[in-house]
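The structure appears right after this line, and notes come after that.
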Amino acid sequence: GRPCGRGLALAGARILPVMATTILPSPRDEMHHRSPYTLGQFHARVPWALPGVSALVVILGIGASLGLLFWDEPITRVAVELRGPTLDAVARRVSWFGSTRVVLCVAALAALASWRRCPRLAIAIVVIALARPLVEFTLKELVDRPRPAGDRLVPGNGPSFPSGHPLATAASWCLVPLVVGLYTARRSVWWASVVAAWLLAVAVAASRVWLGVHWTSDVIAGLLLAVLGVFAAERCIDRVHRPGCAAARARGPAPSNLAD
């Protein structure tokens with residue numbers, strides 16, 4: 001009984017690490033180039049910025065709930081007056097990049113691309129992709145702001161605040177630069193991906209106002225929430241890839257104390 005049980009225990013101790021390294025990427029196999037600049041670095045330089053973003057989201061939510069955001073209606077009226085066939089078609093196409101099908105595909109591809117080199121980032125991308133609809137739905141129910149009435153070029157359902165399209169765009173496309181940082185240390189490539197991703201998010205936000213399905217403050221809140229989401233993803237991987245961690249990963253796992 002005892003020799004047999006001990007033999008099984010020793011066999012399990014040898015087999016389980018092999019299975020783990022087969023299923024999960026080994027820490028020594030992870031490759032991660034630190035991004036040239038992160039929201040964490042910006043927060044270190046300007047400590048009040050991210051708390052200010054959070055406070056601004058709360059202020060906008062309260063203002064939207066109480067009908068105090070007086071600038072929204074004039075901006076929507078100007079957008080309606082400037083409409084034309086060409087610009088309307090462009091707005092519809094840009095808005096498509098923030099649709100559910102597109103952003104889920106982008107998040108899935110980003111997670112797959114980052115899994116081998118940084119599984120923590122892959123997990124963070126999946127968590128953000130799954131949590132985003134829950135955050136959006138919860139805030140919409142809490143604020144319960146009506147959408148703009150009339151002059152809609154596309155359908156819009158449910159409460160208006162915050163806008164889901166720019167939030168979804170930023171919570172997927174704007175995580176791509178973190179994945180780019182896994183594959184290259186070239187600052188120009190990384191900055192190009194950052195600028196492209198955030199320009200797309202802002203363009204999607206503007207398209208939702210142009211199409212008449214959201215107020216300006218709705219899309220601003222969506223973008224601000226996305227900034228907080230990207231910051232959370234950066235913090236998640238920075239805890240693993242901080243300078244002291246790199247040396248520990250290079251040394252590999254500690255030797256086992258299990259007796260033969």
Side-chain angles (χ1 to χ4, degrees), residues 35 37-43 46 48-65 69 71-72 75-76 78-79 90-100 102-104 106-107 110 124-125 127-140 142-143 145 147-148 154 156 158-178 191-235:
S35 298
Y37 198 76
T38 65
L39 287 173
Q41 290 173 279
F42 178 74
H43 177 62
V46 190
W48 54 265
L50 290 175
V53 168
S54 303
L56 185 54
V57 172
V58 173
I59 292 170
L60 288 174
I62 294 173
S65 179
L69 306 180
W71 59 80
D72 280 329
I75 293 175
T76 297
V78 171
V90 170
R92 287 190 179 94
R93 177 52 58 189
V94 171
S95 180
W96 174 81
F97 285 97
S99 61
T100 300
V102 173
V103 298
L104 288 180
V106 171
I125 291 172
V127 169
I128 290 174
L130 296 178
R132 191 269 309 167
L134 178 60
V135 172
E136 176 189 338
F137 175 80
T138 302
L139 290 176
K140 284 186 174 182
L142 287 173
V143 177
R145 185 188 201 186
R147 292 177 183 264
V154 294
S160 185
F161 184 98
S163 177
H165 270 62
L167 175 58
T169 302
S172 54
W173 291 95
C174 291
L175 295 177
V176 171
L178 298 181
W191 277 111
S193 68
V194 171
V195 172
W198 284 101
L199 281 179
L200 178 61
V202 172
V204 169
S207 75
R208 301 305 286 173
V209 177
W210 186 275
L211 295 172
V213 288
H214 279 289
W215 304 106
T216 301
S217 55
D218 300 339
V219 300
I220 291 175
L223 291 173
L224 294 177
L225 286 169
V227 169
L228 297 176
V230 172
F231 175 67
E234 289 180 352
R235 288 294 298 271

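No hydrogens, no waters, no symmetry mates; every other heavy atom, side chains included, goes into these values.
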If I compare all heavy atoms of [X] with all of [Y], which pair ends up nearest, and what's the gap?
X: Ile125; Y: Ala107; value: CG2-O, 3.5 Å
X: Gly222; Y: Pro162; value: N-CB, 4.1 Å
X: Gly229; Y: Ile128; value: O-CD1, 3.5 Å
X: Pro148; Y: Gly212; value: CB-O, 3.7 Å
X: Ser217; Y: Asp72; value: OG-OD2, 2.6 Å

Atom [atom1] in [X], atom [atom2] in [Y]: separation rounded to 0.5 Å?
X: His165; Y: Ser99; atom1: NE2; atom2: OG; answer: 5.5 Å
X: Trp215; Y: Leu69; atom1: CH2; atom2: CG; answer: 10.5 Å
X: Ser163; Y: Glu136; atom1: OG; atom2: CD; answer: 7.5 Å
X: Ile220; Y: Phe161; atom1: CD1; atom2: CZ; answer: 9.5 Å
X: Leu142; Y: Ile62; atom1: CG; atom2: CD1; answer: 11.0 Å

Give the intermediate values and the outcome of side chain to side chain contact (heavy atoms under 4.5 Å, CB included) for residues Val102 and Trp173.
CA-CA 10 Å; Val102 173; Trp173 291 95; 4.0 Å; yes

Are any of the side-chain heavy atoms of [X] and [Y] separated by less than 4.5 Å?
X: Leu139; Y: Leu225; value: yes
X: Arg145; Y: Pro159; value: no
X: Leu228; Y: Ser54; value: yes

Are more than 12 heavy atoms from other residues, nucleotides or ligands located less than 6.0 Å from atom CH2 of Trp71?
yes

State whether a side-chain donor-acceptor pair under 3.5 Å links Ser172 with Arg132.
no

Any donor-acceptor pair under 3.5 Å from [X] side chain to [Y] backbone:
X: Ser207; Y: Val204; result: yes
X: Arg147; Y: Val213; result: yes
X: Thr138; Y: Leu134; result: yes

Can you name the side chain to side chain contact (heavy atoms under 4.5 Å, CB included) partners of Leu56, sequence neighbours left out?
Leu60, Leu224

How would you list, by chain and number, every residue that makes a side chain to side chain contact (heavy atoms under 4.5 Å, CB included) with Val230, sequence neighbours excluded?
Leu39, Cys174, Leu175, Trp198, Glu234

I'd like to know whether Ser95 forms a side chain to side chain contact (heavy atoms under 4.5 Å, CB included) with Leu211, so could you lay out the CA-CA distance, the side-chain angles of the two residues, the decisive distance to 0.1 Å, and finally the verdict.
CA-CA 9 Å; Ser95 180; Leu211 295 172; 3.8 Å; yes

salt_bridge(Arg208, Asp218) N-O dist < 4.0 Å
no

